[in-house]
Amino acid sequence: MNRESRFVIVGLGLLGGAYARGLRRAGYVHVAALDLKKEALAFAKEKGYIEEGRTGEFQDLLARADYIIFSLYPTTFIQWVEQYGSLLPAGCLCTDVSGVKKGLVDKVQALLPQGVEFIASHPMAGKERSGVENAHLVDFAPANFLITPTERNTRRGLDFARELAEALGFARIHVISPEEHDRMIGYVSQLTHAIAVSLMCAPGAERFADYTGDSFRDLTRIAYLNAPMWAELFLWNREYLTEEIDGFTARLQRLKTFLQEGRREELEEMFRTSSAARAAFDKKEKEG
């Protein structure tokens, strides 16, 4: 990557917009975007996030691209590569922002033409809001950036993913396999969203606004989400997410049993275990 490198972002939503904004702020001049929404492209150009935007007739942009960043839902991502992947020039490096990897990465790598490398990655920096108009809310600095290579990837591809993360301001960069990624995401991201959604789907949940404290607010903040995107992510990762829901349900049932049977000592031990685990989590985050 150098300041004259040419980037094309496919899909100018929240994260696509945040990438464009981050690259421009890092001094990369040639950042273009493709999106179906003219208003999204117009907004990004007005804000200086992109140099150019197209809704169609983008063959020339792709032909000149050094790097492609895909910010699309998984199914749309595969469909796009099936339709337009042949337009990507040899030597081009590609990455993505998708929240699922298993089943996606291999398909995309197999579809791309020879000489085009796809190195998957995932910025753990989403927000409850969607759309490029909210891209300024995304803060990459404290977030984790996950690189998920396969045996098809080269050192050049890995170096690009890491350099991109550093240019965007990520301080925490980790390399894991696509399968490890999806298993982990099923717990730390998708399960937490499932719990928040379940809490807010209680009858008359809105009435709690008059009585709630920080605990309910913090737990349910992420229940405000992009329904089409999260439904797709849940379904793509249904195997691991179902396992995590089963595990969580078992632990909650255990707590319920202690409660029903008045077993204070076991309740306190469970609370001590959770407190110790959270303290270890906080320590690791600070050290990381």
Side-chain angles (χ1 to χ4, degrees), residues 1-74 76-98 108 111-113 115-123 125-127 129-140 145 156-157 160-161 163-170 226 229:
M1 289 170 54
N2 61 67
R3 293 299 181 267
E4 294 302 313
S5 296
R6 293 186 174 273
F7 294 84
V8 175
I9 297 174
V10 182
L12 199 62
L14 177 75
L15 285 176
Y19 269 51
R21 179 174 182 265
L23 286 168
R24 294 276 278 187
R25 287 164 69 92
Y28 293 92
V29 178
H30 304 300
V31 180
L34 313 180
D35 198 275
L36 295 176
K37 297 178 180 177
K38 291 182 180 179
E39 59 272 24
L41 296 170
F43 177 89
K45 192 166 184 182
E46 180 185 348
K47 291 292 183 180
Y49 298 173
I50 59 174
E51 182 181 38
E52 186 177 0
R54 303 269 186 91
T55 58
E57 299 297 325
F58 44 70
Q59 293 90 332
D60 60 318
L61 283 183
L62 295 178
R64 299 195 305 269
D66 298 303
Y67 306 106
I68 306 283
I69 297 163
F70 292 102
S71 182
L72 302 169
Y73 296 176
T76 305
F77 183 10
I78 290 173
Q79 291 170 345
W80 193 98
V81 174
E82 286 176 335
Q83 188 169 359
Y84 301 112
S86 61
L87 300 176
L88 302 187
C92 179
L93 287 171
C94 310
T95 192
D96 69 327
V97 304
S98 179
V108 172
L111 285 166
L112 288 172
V116 176
E117 182 175 351
F118 171 61
I119 173 79
S121 58
H122 182 194
K127 304 296 291 184
R129 306 288 178 174
S130 60
V132 66
E133 64 273 14
N134 292 305
H136 67 286
L137 299 175
V138 177
D139 184 6
F140 292 134
F145 187 90
R156 177 172 175 255
F160 157 63
E163 192 174 351
L164 174 65
E166 291 171 350
L168 292 170
F170 286 90
N226 179 331
M229 181 186 77

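All residue numbers in this chain count up from 1 along the given sequence. Please read all numbers here as calculations on a predicted model, not as lab measurements.
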**Prompt:** Should we say atom CZ of R25 is surrounded by more than 12 heavy atoms from elsewhere, each under 6.0 Å from it?
**Reply:** no
**Prompt:** Can you list the steps and then say if L34 with W80 is a side-chain contact (heavy atoms from CB on, under 4.5 Å)?
**Reply:** CA-CA 11 Å; L34 313 180; W80 193 98; 4.1 Å; yes
**Request:** Examine Y19 together with Y67 and report whether their ring centres are nearer than 6.0 Å.
**Result:** no
**Message:** Is any side-chain heavy atom of V29 closer than 4.5 Å to one of R3?
**Reply:** no
**Request:** Could you give me the CA-CA distance, side-chain angles and deciding distance for Y28 and M1, then say whether side-chain contact (heavy atoms from CB on, under 4.5 Å) is met?
**Result:** CA-CA 9 Å; Y28 293 92; M1 289 170 54; 3.4 Å; yes
**Prompt:** If you measure from SG on C92 to CG on L87, what distance do you get to the nearest 0.5 Å?
**Reply:** 11.5 Å
**Prompt:** In Å, rounded to the nearest 0.5 Å, how long is the span from CG of L12 to CD of E133?
**Reply:** 10.0 Å
**Prompt:** Between the main-chain N or O of S71 and the side-chain N or O of D96, is there a donor-acceptor pair closer than 3.5 Å?
**Reply:** no
**Request:** Return each pair, listed once, that meets side chain to side chain donor-acceptor pair (under 3.5 Å) where at least one residue sits in residues 47-58; pairs must be two or more places apart or across chains.
**Result:** H30-E51, E52-R54, R54-D60
**Asked** Can you name the nearest heavy-atom pair linking A18 to A135, along with the distance?
**Response** N-CB, 3.5 Å
**Asked** Taking the side chain as C-beta and beyond, is there a heavy-atom pair between D66 and F7 under 4.5 Å?
**Response** no
**Fill in**
For D35 and G13, the nearest pair of non-hydrogen atoms, with its separation, is OD2-N, 4.4 Å
**Message:** Please identify which of these residues, R24, R21, K45, meets the side chain to side chain contact (heavy atoms under 4.5 Å, CB included) condition with I50.
**Reply:** K45
**Message:** Contact between L14 and V132 at the side-chain level, heavy atoms closer than 4.5 Å - yes or no?
**Reply:** no
**Prompt:** Between atom CG of L15 and atom NZ of K127, what is the distance when rounded to the nearest 0.5 Å?
**Reply:** 11.0 Å
**Asked** Please walk me through it: do V108 and F77 pass side-chain contact (heavy atoms from CB on, under 4.5 Å)?
**Response** CA-CA 8 Å; V108 172; F77 183 10; 3.9 Å; yes
**Prompt:** Mind checking whether V31 and I9 have side chains closer than 4.5 Å, heavy atoms only?
**Reply:** yes
**Closest approach of A65 to P89 (non-hydrogen atoms, all atoms of both residues)** = O-CG, 3.6 Å
**Prompt:** Hey, does R129 have a side-chain heavy atom less than 4.5 Å from the side chain of L137?
**Reply:** yes
**Fill in**
Interatomic distance, CG@L93 vs CD@E163, rounded to 0.5 Å, equals 10.5 Å
**Complete:** Separation between OG (S121) and CZ (F160), nearest 0.5 Å, reads 7.5 Å
**Message:** With heavy-atom distances below 4.5 Å as the criterion, would you say the side chains of E166 and F145 are in contact?
**Reply:** no
**Message:** Can you confirm whether V10 sits close enough to I69 that some side-chain heavy atom of one is under 4.5 Å from a side-chain heavy atom of the other?
**Reply:** no
**Message:** Rounded at 0.5 Å granularity, tell me how far CZ in F118 sits from OG1 in T95.
**Reply:** 6.0 Å
**Message:** On a heavy-atom basis, which atom in V138 and which in A125 lie closest, and how many Å separate them?
**Reply:** CG1-O, 3.5 Å
**Message:** For a 4.5 angstrom cut-off between non-hydrogen side-chain atoms, does C94 reach I119?
**Reply:** no
**Prompt:** Of the non-hydrogen atoms in L168 and F140, which two are nearest, and what is the gap between them?
**Reply:** O-CD1, 3.5 Å
